[in-house]
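In this chain, residues are counted from 1 in sequence order. Remember, it's 1-based here, ligands and their atoms both numbered in the order they're listed.
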Amino acid sequence: MKDLILVMGGGIIGLSCALELSRRGVNVRLLETGRCGGQASGAAAGMLAPYSENVEAPDEFFMLCRESLSLYPAWQQLVRECSGNSFEYTPSGSLYVAYHEADLLGLQSRMNWQRTCGSSAVILQGDDLFEAEPGLSRKALAALWTPEESHIYAPDFVTALKSACLSSGVDIQEELGALDLAAWEDHIEVQAASGEIFTGDQLVVCTGAWAGELSGKLGMRIPVQPIRGQICAYTWDAEQTPLNHMVFSSQGYLVQKANGTLVCGASEDIAGFDTSVTDRGIRRLLQWNKNVVPALEQAEPFHRWAGLRPSTLDGRPLIGRVPQAERVVFAAGHYRNGILLSPVTAKLAANCVEGRPLQAWQHAFRPDRFGVAAKVLRS
Ligand SMILES: Cc1cc2nc3c(=O)[nH]c(=O)nc-3n(C[C@H](O)[C@H](O)[C@H](O)COP(=O)(O)OP(=O)(O)OC[C@H]3O[C@@H](n4cnc5c(N)ncnc54)[C@H](O)[C@@H]3O)c2cc1C
């Protein structure tokens, strides 16, 4: 009989791993405490922006992000075909805007390294800038245009991923309540709040901001903590004021969506697992938005929400097999870039399940890199 792989967590990472594994002919059962896409993945702005998200010189994390961006065209097409769903995927490119003379040197050095890494980024100034993005405030001095970046409508994409999993034979179990890893040595056992036990041969942990719950249990430290992102959306008349690119600055971002909204994010605050929206968090965004796009001066967002980014101590995800628990593979801790990183994570996690080694540079994401924790208590 074929092995059965359990996937814990039904956000974009869990669904992507489940789809990739089932496409490789593996039996997969996905276990979710709540609703698939009900946490960070459904809250995200959906930007696929490895260059704008990596402000310093390129490193292993940038390489991972860029590889994932390159997988996106085929990956989203696969999800489209398997699900039969439609969703927005827009190759808009991005503008990283500078407002002060002092920031121009930084923009220049970013352009230089981006160009050595496959981008055709250029700096736009004056008429060129306002021709490319007429809605921008005239306070903008310059912007780095990175044409390779794109965005997706995350809530619809996650819904499509779930449908794609179902049509590819993944068994999805939702609303299971608290789930506990009860055994991981000879076989995998996950116990639901109801007492029901799910058994399997291997486990892929995709529990996002909750991944730290396994800290200690598997004999390693898993320093994952939730960073709340508060975000909002305006109703937007793109005919009147088109925003052709994703617009970034050091203070936030604006993304025009095909459904007639303008999404603006996002705060970064520590509030435990609280996903409520605060006046203070949103007010700061609104203030910034008016400075970037004057058409927003009188506008009020119609929707405000928040999600929990799964952040690790070094900001990099945890991807790979756990040496102390060989039936367990981690795919968690994707912080600000889980939507972008979902295809490459699915590929690497599926390789690990199949027993294929990671490449040397990918060891930067080893889940056991933060050291050993208290000894394993139970298996
Ligand atoms: C406001 C905001 C904007 C963002 N914008 C972007 C963006 O533009 N681009 C980008 O790439 N990323 C973005 N992100 C980050 C991105 O959303 C996350 O990195 C990504 O969603 C993480 O996916 P995940 O599947 O690991 O986590 P989640 O989506 O949180 O899924 C984890 C799932 O695990 C479940 N779970 C928890 N414990 C258990 C358990 N014991 N057993 C089973 N299931 C369990 C949870 O219920 C949840 O459904 C944004 C995040 C926020 C909050």
Side-chain angles (χ1 to χ4, degrees), residues 6-18 29-50 52-53 65 68-69 72 94 149-155 157-158 161-162 172-182 190-193 198 203-214 217 224 226-233 246 248 252-253 255 257 263-269 273 275 277 281 285 304-312 315 317-319 330-346 349:
L6 300 184
V7 173
M8 258 174 123
I12 194 162
I13 300 297
L15 290 165
S16 301
C17 291
R29 174 169 289 154
L30 184 148
L31 308 174
E32 164 59 51
T33 58
R35 240 179 349 96
C36 285
Q39 295 292 342
S41 304
M47 295 176 302
L48 310 175
S52 300
E53 281 286 320
C65 290
S68 209
L69 182 70
Y72 242 99
S94 65
E149 299 191 321
S150 50
H151 63 95
I152 203 154
Y153 193 73
F157 185 53
V158 173
L161 259 174
K162 182 182 165 190
I172 296 184
Q173 305 274 331
E174 293 179 89
E175 309 284 3
L176 292 172
L179 284 162
D180 185 36
L181 178 58
V190 176
Q191 186 163 11
F198 297 94
L203 173 70
V204 187
V205 178
C206 307
T207 50
W210 292 264
E213 286 175 359
L214 292 178
K217 186 169 255 190
V224 175
I227 302 289
R228 183 171 63 183
Q230 299 185 53
I231 179 165
C232 60
M246 295 179 281
F248 290 91
Y253 53 77
V255 195
K257 297 290 182 183
V263 173
C264 153
S267 74
E268 293 211 31
D269 34 77
F273 288 89
T275 52
V277 174
L285 295 176
R304 303 159 190 231
W305 68 100
L308 302 173
R309 303 182 189 91
S311 146
T312 60
L318 309 165
I319 306 173
F330 257 74
H334 291 75
Y335 192 31
R336 295 171 56 93
N337 288 288
I339 308 298
L340 167 64
L341 288 170
S342 53
V344 76
T345 302

Check: Closest heavy-atom contact between Val263 and Ala45?
Finding: CG1-CB, 4.2 Å
Next item on the list: Look at Arg309 together with Asp269 and state whether they make a salt bridge at an N to O cut-off of under 4.0 Å.
Entry: no
Item checked: Distance-only N or O hit between ligand 1 and Gln39, under 3.5 Å -> no
Checklist line | Ala209, any N or O under 3.5 Å of ligand 1 N or O | finding: no
Next item on the list: For Ser342 and Ile339, indicate whether the former's side chain and the latter's backbone hold a donor-acceptor pair under 3.5 Å.
Entry: yes
Next item on the list: Keeping the roles fixed (side chain from Trp305, backbone from Ile231), state whether a donor-acceptor pair exists under 3.5 Å.
Entry: no
Notebook entry, point to check: Going by the atom numbers of ligand 1, which of them fall below 4.0 Å from some non-hydrogen atom of His334?
Noted result: 19 (O)
Item checked: Residues in side-chain contact (heavy atoms from CB on, under 4.5 Å) contact with Gln173, at least two apart in sequence or another chain -> Arg29, Leu31, Asp171, Leu176, Phe198
Next item on the list: Taking Thr33 for its side chain and Gly177 for its backbone only, find out whether a donor-acceptor pair lies under 3.5 Å.
Entry: no
Item checked: Minimum-distance protein heavy atom relative to atom 15 (C) of ligand 1 -> Tyr335 O, 3.1 Å
Margin query: Heavy atoms only: which of Leu30, Leu6, Thr33 lies closest to atom 45 (C) of ligand 1?
Written below: Thr33
Next item on the list: May I ask whether Tyr253 has any heavy atom positioned less than 4.0 angstrom from an atom of ligand 1?
Entry: yes
Note to self: Pairs of nitrogen or oxygen atoms closer than 3.5 Å, one from Gly338 and one from ligand 1: do any exist?
What the structure shows: yes
Item checked: Sidechain-backbone polar pair: Ser311 side chain, Ile227 backbone, donor-acceptor under 3.5 Å -> no
Next item on the list: Please report which non-hydrogen protein atom sits nearest to atom 42 (N) of ligand 1, along with the residue it belongs to and the distance in Å to one decimal place.
Entry: Leu179 CD1, 3.3 Å
Notebook entry, point to check: Does Lys217 reach the main-chain N or O of Ala182 with its side chain, forming a donor-acceptor pair under 3.5 Å?
Noted result: no
Checklist line | Top protein contact for atom 34 (O) of ligand 1, by heavy-atom distance | finding: Gly9 CA, 3.5 Å
Notebook entry, point to check: What protein heavy atom is closest to atom 21 (O) of ligand 1, reported as residue, atom name and distance in Å?
Noted result: Ser41 OG, 2.9 Å
Item checked: Salt-bridge present (Arg228, Glu268; N to O < 4.0 Å) -> no
Margin query: I need the atoms of ligand 1 closer than 4.0 Å to a non-hydrogen atom of Cys206, numbered in the order shown.
Written below: 32 (C), 34 (O)
Checklist line | Which residue and heavy atom of the protein sit nearest atom 5 (N) of ligand 1, plus the separation | finding: Ala45 N, 3.2 Å
Check: Do Leu340 and ligand 1 have an N or O pair less than 3.5 Å apart?
Finding: yes
Margin query: Counting non-hydrogen protein atoms only, what is the nearest one to atom 31 (O) of ligand 1? Give residue, atom name and distance.
Written below: Gly11 CA, 3.4 Å
Checklist line | Heteroatom proximity flag, Glu32 to ligand 1, N/O under 3.5 Å | finding: yes
Notebook entry, point to check: For ligand 1, is there an N or O atom under 3.5 Å from any N or O atom of Leu341?
Noted result: no
Check: Are Lys162 and Glu32 close enough for a salt bridge, meaning some N to O gap below 4.0 Å?
Finding: no
Notebook entry, point to check: What atoms of ligand 1 come closer than 4.0 angstrom to any heavy atom of Ile12?
Noted result: 23 (O), 25 (O)
Notebook entry, point to check: Which of the atoms of ligand 1 are close to Asn337, meaning less than 4.0 Å from one of its heavy atoms?
Noted result: 10 (C), 11 (O), 12 (N)
Check: Do any nitrogen or oxygen atoms of Ile13 come within less than 3.5 Å of a nitrogen or oxygen of ligand 1?
Finding: yes
Item checked: Leu31 neighbourhood, listing ligand 1 atoms whose heavy-atom distance to it stays under 4.0 Å -> 43 (C), 44 (N)
Checklist line | Side-chain heavy atoms of Leu203 within contact of Phe330, under 4.5 Å | finding: no
Next item on the list: Side-chain contact test, heavy atoms from C-beta onward, threshold under 4.5 Å: evaluate it for Glu149 versus Met246 and give yes or no.
Entry: yes
Check: Which residue owns the protein heavy atom closest to atom 14 (N) of ligand 1, what's the atom, and how far is it?
Finding: Arg336 O, 3.6 Å
Item checked: Contacting atoms of ligand 1, where contact means under 4.0 angstrom from a heavy atom of Gly46 -> 7 (C), 8 (O)
Check: If you measure every N/O of Met47 against every N/O of ligand 1, is any gap under 3.5 Å?
Finding: yes
Margin query: Looking only at side-chain N and O atoms, does Tyr335 offer a donor or acceptor that is under 3.5 Å from a partner on Glu53?
Written below: no
Margin query: Tell me whether Ser16 contacts the main-chain N or O of Ile12 through its side chain, where contact means a donor paired with an acceptor under 3.5 Å.
Written below: yes
Margin query: With respect to Trp210, determine whether any N or O atom, backbone or side chain, lies less than 3.5 Å from an N or O atom of ligand 1.
Written below: no
Margin query: Please report whether ligand 1 has a polar contact with Ala44, defined as an N or O pair separated by less than 3.5 Å (distance criterion only).
Written below: no
Notebook entry, point to check: If you count the atoms of ligand 1 from 1 in the order shown, which ones are under 4.0 Å from a heavy atom of Gly208?
Noted result: 26 (O), 27 (O), 32 (C)
Check: Cut-off 3.5 Å, side chains only: do Glu213 and Thr207 have a donor facing an acceptor?
Finding: no
Checklist line | Heavy-atom nearest neighbour in the protein, as seen from atom 52 (C) of ligand 1, with distance rounded to 0.1 Å | finding: Arg309 CG, 3.9 Å
Next item on the list: Measure from the side-chain N and O atoms of Thr345 to the backbone N and O of Ala331, and report whether any donor-acceptor pair falls under 3.5 Å.
Entry: no
